[in-house]
Each structure stands twice: as C-alpha cells, then as structure tokens.
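The next block holds one structure in the form of structure tokens; read it before the comments.
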Amino acid sequence: MKTLHKFYCTLIALLLAVSSCHKLDIKPVNVLNDDQIFGSEAGINTYLAQVYRKLPIEDFSYRPAGRDGWGFNLHHEWEHFWHLGAGCGEMVGPWGGLDFAGGFGYWPYADIRAVNYFIETLPRYSDKYVGNKVNELLGEAYFLRAYYYFALVKRYGGIPYITVVQNFPQQTVEELQVPRNKEEECWNFIAEDLDKAWSMMPETSVSGRANKYAAAALKSRAMLYAGSIAKYGSLNFVEGDARAQGFVGIPADKAEDFFNRSWEAAKLLEAKYSLYQKEGDKELNYVMTFLDNNSPENILVRDYSVPGNNAHSWDATFSPRFMTADGLSRAYPTLELVERWGVLNVINPDGTPKRYDDVVTLTQGLEPRLLATVYFPGTTLRGLKFDVRRGIYPSFSGTAAAEVAKPDNQRNMFTASGQDAKYNDEMQIIGMTGISTSTDQWTRTGFYVRKYIDFRRPQSEVGLFTSTTHWIEFRYAEVLLNRAEAAVETGKTEDAMNCINLLRTRGGGATLSQGEVTVESVRNERCKELAFENHYWWDIRRWRTADVILNNQRFKGLLPYYVYDEKKFIMLREQETFGRNYNFEKRAYYEPIPGGELAKNPNLYPNNPNY
C-alpha cells in the first residue's frame with residue numbers, strides 16, 4: 001500500500017503540473033482517488049505515463065545494476081558506456097568482469113501491481129468512455145504486464161505470476177506469499193497476456209505507446225527466448241533443486257512449439273511495417289534508420305526531450321572529447337564485432353602488414369551497414385577526422401604476428417600518453433583521437449560507436465543531456481531476425497533466407513543462398529544488425545554460449561601505426577589496450593532471487609542453482 005501511495009503522489013504531482021499552467025490556486029490534496037484517475041482519458045494517460053516510464057526498456061540510460069537506489073533505467077545519468085555490449089564483447093570499456101550477472105535485485109512487483117490495479121479498476125468506469133476505448137486500454141495493460149514479466153523471467157526463470165491486486169492487511173501474510181511458477185508456465189503466461197493484447201489493442205498508437213503490433217513483436221521475442229532456453233538450456237545447465245522442480249529450465253521437447261509461436265507472431269507484422277529505405281545511399285540510409293522519427297521500421301520507441309528533463313548523452317559519450325562540447329567516450333567496438341562482417345584484409349600473404357597511404361583506405365569495399373555502425377580510423381564526424389594511431393615506428397620490418405608477439409618494451413615503436421607528444425617535433429604520435437593507455441577517453445580498439453550518433457548536430461551543441469534521439473525498442477528488423485531464427489530452428493530455411501536477405505540487401509551486403517542459411521549464419525546476422533542495441537548479452541545467455549564465448553576471453557582491436565621512413569600506415573590486430581579478461585560462470589544464465597525477497601517470502605525457495 002505504501003508503494004501505491006507513492007505512485008499516487010507522483011500522479012498528483014503530474015496532474016497538478018499539467019493543470020497548473022492555468023490554475024495556480026488549486027487546493028492541496030494528499031489522496032488521488034480512482035475517480036480522478038479513471039474518470040477521464042487525461043487521468044488514464046497520466047497513470048500510464050508512469051507505467052511506461054518504469055517499463056524496463058534497456059535504453060540509452062540502461063545500467064544493469066542501477067545507481068543510487070534508482071531503478072536500472074530511471075536514474076538520469078550520462079555514463080552510457082556502462083553498456084551491456086561492453087560486458088560481453090561488442091565493446092570494451094574501462095571496467096572489468098561481468099557485473100551484470102551478479103544479481104542486482106530487479107523485482108518490479110510494485111509496478112506490476114499498478115498494472116493489475118488498472119486492469120481491475122478501469123472496467124468500473126466504462127460509462128465514461130465511448131466505443132472500444134476501454135477494451136483497447138485493457139489490451140495495452142496486458143502488453144505492459146507481459147513486458148514487466150518478460151524482464152523478470154529472462155533473469156530469474158520461474159517467478160510468481162501475480163495477476164490480481166494484492167492488499168494488506170486485508171489479506172494475510174501467508175496469502176501474499178505467492179510461490180514461484182515454473183519457468184515454462186511463466187513464458188506461457190506472457191504469451192497469454194500478449195494474445196489478449198493483440199486481440200484488444202488498436203493497430204496504431206501515438207509515439208511512445210504500444211499498439212497490437214508491439215504486442216506481436218514482444219511475443220516473437222519472448223517465444224524465441226523460451227524456445228532457445230528449452231533447446232539449448234537442456235544441453236548446458238547447472239544442476240540444482242530449482243532446476244529439478246522446473247523453476248529454471250524448460251523441457252527440450254517444448255522447444256519447437258515455442259519457436260513456432262515466435263515465428264507465427266512475427267508473421268503478424270508482415271506488410272504492416274517495412275525496413276527503412278528512404279535514402280539512396282545505403283550507408284546514409286542505415287544511419288538514418290536510427291535517427292528518422294518517421295521510420296516505417298519503428299514499432300515502439302521511447303522518446304526524450306530537454307524540457308522533459310530526460311534527454312540523454314549518447315552523442316557526447318560515444319564520441320571523443322575532441323568532437324564534443326563536453327562529455328567523452330569510454331567504450332569502444334571490438335575487432336571481433338567488426339569482423340563479424342568478414343576478416344579485414346590487412347596482412348599480405350607473406351605475413352607482413354599491408355601498407356596504406358591513408359588509414360581510411362581500409363573502409364573501401366566494406367559493407368555500408370558496417371560503416372554505418374562503427375566509425376573507422378580516417379572517417380569523419382562533425383567535420384573532424386578520427387585521427388587514430390597507436391604509435392609511430394621509425395621503420396618496420398618483419399611479420400605482423402612476430403611483432404605483436406613481442407612485449408611492448410621490445411618493439412621499436414613510439415607511443416604517447418597524450419595528444420601533444422610529437423615524433424621528431426613533427427607528427428603527433430597518437431593523433432587527435434588515440435590510442436593511449438593513460439586515459440579512457442580515446443579509443444582502445446581503433447574504433448568508435450556510430451549507431452545512434454546524430455551526425456547532423458554541430459559540435460557546439462553536443463553536450464551531456466542534450467541528445468533527444470529516440471530509442472527504438474521494437475523495430476521491424478528485429479522481428480525479421482526473430483522470424484528467421486525461429487524458422488531455421490524449425491526447418492523453414494527458405495523463409496529464414498528471405499528474411500535475412502531483406503536485411504542484407506538493405507545494408508548493402510551480398511545475399512545468402514538457402515544452403516548458406518544455418519543457425520550460426522542467422523545468429524551472426526542478428527549480432528551484426530542489432531549491435532549496440534542491448535540484445536547480444538541476452539542472446540548469448542539464451543543460446544547458452546556465454547560460458548564458451550567469455551571463457552577467459554580477451555578482445556582485440558585493430559591498431560594503426562605510422563611507419564615514418566616509409567610515410568605509410570600499417571594496421572595490427574592486437575589485444576585492446578584496456579587488457580581486460582572476460583569470464584562467465586554457467587550459473588549466471590540465471591540470476592539469484594534477491595535475498596530480501598527470499599526473506600519476505602520463503603515460497604520463493606529454492607533459489608536458483610549455485611546461489
């Protein structure tokens with residue numbers, strides 16, 4: 001009740017803020033009753049705005065462990081380089097290890113209660129609305145509840161699935177201590193809520209609000225997760241009581257059904273949305289896919305504004321300080337991500353490094369989608385060049401492999417800790433944008449993030465809390481990837497090929513033949529298309545490959561050097577210069593039920609295996 005009271009107080013403040021432009025003499029109130037909330041569409045919209053605000057969308061501001069006691073995407077912070085991709089190999093950052101799996105206590109039952117209260121209360125006010133409005137709003141509530149539960153189940157497996165409003169002291173403590181449902185039951189509950197949402201919601205919605213296709217998109221995502229956990233979780237798991245009792249894990253024979261439901265949900269969006277194709281230049285087209293507010297690809301977005309005090313800092317914190325008004329970058333794409341598009345041809349057949357007059361030559365012939373995802377050395381932003389060097393060799397001989405194998409102090413090269421240092425009082429050793437090991441603000445891999453960077457903004461305006469680019473939570477490209485993965489898992493390879501080739505053609509890549517369509521090729525396409533969108537971490541968890549991919553893993557960069565006596569550049573594949581090791585324990589495929597919740601409700605036991 002205390003939590004709901006706080007929820008109401010927030011609503012009061014918002015409602016007063018809405019009306020106070022014209023009425024400054026409103027009498028203070030301390031209770032907002034149901035009539036004020038549910039008696040008008042304005043009250044409903046304000047109520048739902050709070051529910052959407054807390055919806056666990058893993059957006060620009062998403063930080064897995066949260067900060068300062070706030071929810072994990074509620075704190076208005078600028079350090080966006082605390083990004084899931086920096087914990088699992090899309091990027092590398094200055095922090096070590098995988099803190100994301102440590103159990104950060106996400107437990108949004110107060111928010112779920114607010115949705116359940118909405119579902120129970122709104123029908124009493126049906127006479128206030130015309131047409132199908134009440135039904136549509138209830139459908140939206142089912143979508144929201146499913147989204148909250150999706151965020152829980154993908155972390156913990158089976159959790160209590162509560163669909164009614166709990167009240168204390170009207171109910172006893174024993175009645176409030178709801179036991180865990182099995183994981184399979186939870187995924188089925190999510191599907192049922194989304195089926196209701198699909199049948200009740202309208203086809204269109206205002207920006208930031210869901211419609212029936214958002215429900216279908218979430219179902220395609222959720223059922224894909226469930227299918228993967230059933231198939232691959234049955235092969236790679238940790239034993240324990242929770243697994244033996246079905247609270248984590250799904251029987252393998254249920255995988256095909258879940259995959260089929262994912263595929264069917266994805267099919268519902270066919271011909272309703274389409275890939276962004278407005279620009280003739282494929283690189284620019286992919287860049288604008290994330291910047292155009294009117295993209296036909298967007299299914300559900302989260303909006304930001306400076307007056308709304310929720311503008312983010314993506315442009316400022318994924319660019320070097322050299323290119324911003326303030327803010328700076330601290331996480332950088334890995335060579336492993338870049339080479340998902342193919343191994344970069346920087347070595348001659350005899351093992352010696354290729355020589356380049358200009359490092360930007362490397363980008364020639366690369367897929368436009370890659371160039372729109374990552375800034376390469378030599379490319380430009382806001383009229384400035386990514387002037388990237390690891391150092392200068394007075395001269396260079398031998399093979400790349402032999403050189404990289406040497407300790408730094410045995411290599412005949414000059415490096416520097418800052419931009420001011422010059423070689424022969426002539427040439428900056430590391431260029432204007434790195435590479436240096438003395439600070440975090442210059443690239444450690446040779447690359448910078450480009451996706452979601454708004455190149456149109458002048459440097460003087462690129463500061464902290466000034467970015468208003470929307471976050472695209474569901475876009476049609478992901479739905480195509482969900483459909484392709486579900487299709488290839490169930491033998492529908494021609495359909496998978498067609499979906500994948502739509503994306504490859506849009507991105508400027510070569511199409512695949514049906515024989516080239518495999519589970520691995522579909523997964524690789526997903527990793528490329530959805531880079532930096534906070535999918536990869538969850539994908540390698542549901543594929544049960546995280547413990548293999550992150551097994552004492554050290555990621556690489558592509559580090560440019562200038563060879564002074566030749567007036568040429570070379571590029572060497574080397575470990576990124578943070579020098580981080582990445583590991584993943586199998587038990588982290590499920591997070592522990594938070595200790596505080598276990599203390600309040602013993603029916604949440606057994607905790608997940610090895611916790």
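Just so you know, these numbers come straight off a predicted model, no measurement behind them.
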Option among Arg411, Lys556, Arg444 that satisfies the salt bridge (charged side-chain N to carboxylate O under 4.0 Å, His left out) test with Glu574: Arg411

Tyr106 side chain vs Arg155 backbone, donor-acceptor pair below 3.5 Å: no

Criterion ring-ring contact (aromatic ring centres under 6.0 Å, His included) on Tyr225 and Trp538, from CA distance to verdict: CA-CA 9 Å; Tyr225 273 53; Trp538 296 108; 7.2 Å; no

N-O pairing of Glu461 and Arg456 below 4.0 Å: no

Short side-chain donor-acceptor distance under 3.5 Å, Glu516 and Ser521: no

Distance-only donor-acceptor check, side chains Ser262 and Arg221, under 3.5 Å: no

Closest non-hydrogen atom pair, Asn534 against Asp59: ND2-O, 3.7 Å

Salt bridge flag under 4.0 Å for residues Asp547 and Arg541: no

Shortest non-hydrogen contact from Asp303 toward Ser207: OD2-OG, 2.5 Å

Donor + acceptor pair across side chains of Glu270, Tyr476 (<3.5 Å): no

Nearest heavy-atom neighbours spanning Arg554 and Gly579: NH2-O, 3.2 Å

Single hit among Tyr304, Phe532, Phe290, Phe60 for ring pair (Phe, Tyr, Trp, His ring centres under 6.0 Å) with Trp471: Phe60

Residues Glu58 and Lys154 bridged, charged N to O under 4.0 Å: yes

